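Start at 1 and go down the list; that is how both ligands and their atoms are numbered. In what follows, every heavy atom counts, from backbone to side chain, and hydrogens, waters and symmetry copies are set aside. Because the structure is predicted, anything quoted here is derived from the model rather than measured.
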Amino acid sequence: MGKGSLIVVSGFSGAGKGTVMKKLVSSYENYVLSVSMTTRTPREGEIDGREYFFVTRDVFEKTIRENGLLEHAEYVGNYYGTPRAYVEKMQEEGKDVLLEIDVQGGMQIRGKFPEAILLFLVTPSAAELEKRLSMRHTETPEQIRRRLLRAREEAVFIPSYDYVVINDDLEACAQEVDRIVRSAKCAPNRKRAFVEQMTKDLSLLVEES
Ligand code: 5GP
């Protein structure tokens with residue numbers, strides 16, 4: 001079995017990344033979700049070790065020093081990062097690992113792992129994004145404004161991603177992400193070992209004949 005892919009899913013906070021990721025994991029066997037570490041306070045209903053590993057700044061900074069994170073970034077005043085060990089283990093087991101991370105993290109992954117597949121998830125419109133953020137009732141109006149400002153900043157990075165996916169309907173969106181991942185895996189840079197072997201074998205065949 002080949003090594004699993006690294007799939008970055010970024011997008012505006014409120015675009016529904018979490019829901020789409022959960023749908024992918026429950027609908028297809030090949031996906032697993034990386035659980036990030038963060039210094040932000042848990043929202044109602046969030047459980048330590050499920051949505052995030054909630055830690056203090058001291059613990060987070062110690063993990064950075066020990067090279068325990070694949071990437072990390074500061075987002076609206078809090079640290080977020082991807083624990084390295086779980087991602088590497090899952091990839092070795094052939095699983096496609098979903099990283100739901102912000103654009104700073106996405107760009108770090110692009111630099112370190114050029115074969116990673118980068119998707120950017122958006123709402124059908126800016127007005128829809130504001131509506132979804134307000135409907136969550138977990139953020140104050142000021143926090144919503146900060147998240148919208150942040151979305152405007154993040155939009156600048158969209159051209160650096162491989163694909164843009166519009167999240168209009170959950171089911172359709174999860175299917176589209178899966179289709180994209182399956183075709184992206186066929187790109188020559190992600191089939192390098194196979195292509196090299198094929199080229200060598202062809203040379204051998206030609207020389208023998
Ligand atoms: P939230 O506080 O809404 O759960 O997440 C805020 C932002 O942090 C989202 O854009 C989310 O994708 C991002 N994020 C979550 N985990 C990570 C991570 O491990 N690394 C980075 N760079 N961003 C993350």
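The shortest distance between side-chain heavy atoms of Phe113 and Leu70 falls below 4.5 Å. Between Lys17 and Phe12 the shortest side-chain heavy-atom distance does not fall below 4.5 Å. Residues Leu133 and Ser13 form a side-chain contact, since some pair of their non-hydrogen atoms from C-beta on lies under 4.5 Å apart.
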Between the protein and ligand 1, which nitrogen or oxygen pairs come in under 3.5 Å, and how far apart is each?
| from | atom 1 | to | atom 2 | distance (Å) |
| --- | --- | --- | --- | --- |
| ligand 1 | 2 (O) | Arg40 | NE | 2.6 |
| ligand 1 | 2 (O) | Arg43 | NH2 | 3.4 |
| ligand 1 | 2 (O) | Tyr80 | OH | 2.6 |
| ligand 1 | 3 (O) | Arg43 | NH2 | 2.9 |
| ligand 1 | 3 (O) | Arg147 | NH1 | 3.0 |
| ligand 1 | 4 (O) | Arg40 | NH2 | 2.9 |
| ligand 1 | 4 (O) | Tyr52 | OH | 2.5 |
| ligand 1 | 5 (O) | Tyr52 | OH | 3.3 |
| ligand 1 | 10 (O) | Lys17 | NZ | 3.0 |
| ligand 1 | 12 (O) | Lys17 | NZ | 3.1 |
| ligand 1 | 12 (O) | Glu100 | O | 3.4 |
| ligand 1 | 16 (N) | Ser36 | OG | 3.0 |
| ligand 1 | 16 (N) | Glu100 | O | 3.4 |
| ligand 1 | 19 (O) | Ser36 | OG | 2.7 |
| ligand 1 | 19 (O) | Glu71 | OE2 | 3.4 |
| ligand 1 | 19 (O) | Gly81 | N | 3.3 |
| ligand 1 | 19 (O) | Gly81 | O | 3.0 |
| ligand 1 | 19 (O) | Thr82 | N | 3.4 |
| ligand 1 | 19 (O) | Thr82 | OG1 | 3.4 |
| ligand 1 | 20 (N) | Glu71 | OE1 | 3.4 |
| ligand 1 | 20 (N) | Glu71 | OE2 | 2.8 |
| ligand 1 | 22 (N) | Glu71 | OE1 | 2.8 |
| ligand 1 | 22 (N) | Asp102 | OD1 | 2.7 |
| ligand 1 | 23 (N) | Asp102 | N | 3.0 |
| ligand 1 | 23 (N) | Asp102 | OD1 | 3.4 |

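Residues satisfying the side-chain contact (heavy atoms from CB on, under 4.5 Å) test with Asn67, not counting sequence neighbours, are Arg84.
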Would you be so kind as to tabulate the donor-acceptor pairs closer than 3.5 Å made by side chains of residues 192-200, with sequence neighbours excluded?
| from | atom 1 | to | atom 2 | distance (Å) |
| --- | --- | --- | --- | --- |
| Gln197 | NE2 | Asp201 | OD1 | 3.1 |
| Thr199 | OG1 | Val195 | O | 2.6 |

Which side-chain N or O atoms in residues 166-177 pair as donor and acceptor under 3.5 Å with protein atoms at least two apart or in another chain?
| from | atom 1 | to | atom 2 | distance (Å) |
| --- | --- | --- | --- | --- |
| Asn167 | ND2 | Ala15 | O | 2.8 |
| Asp169 | OD2 | Glu171 | N | 3.4 |
| Asp169 | OD2 | Ala172 | N | 2.9 |

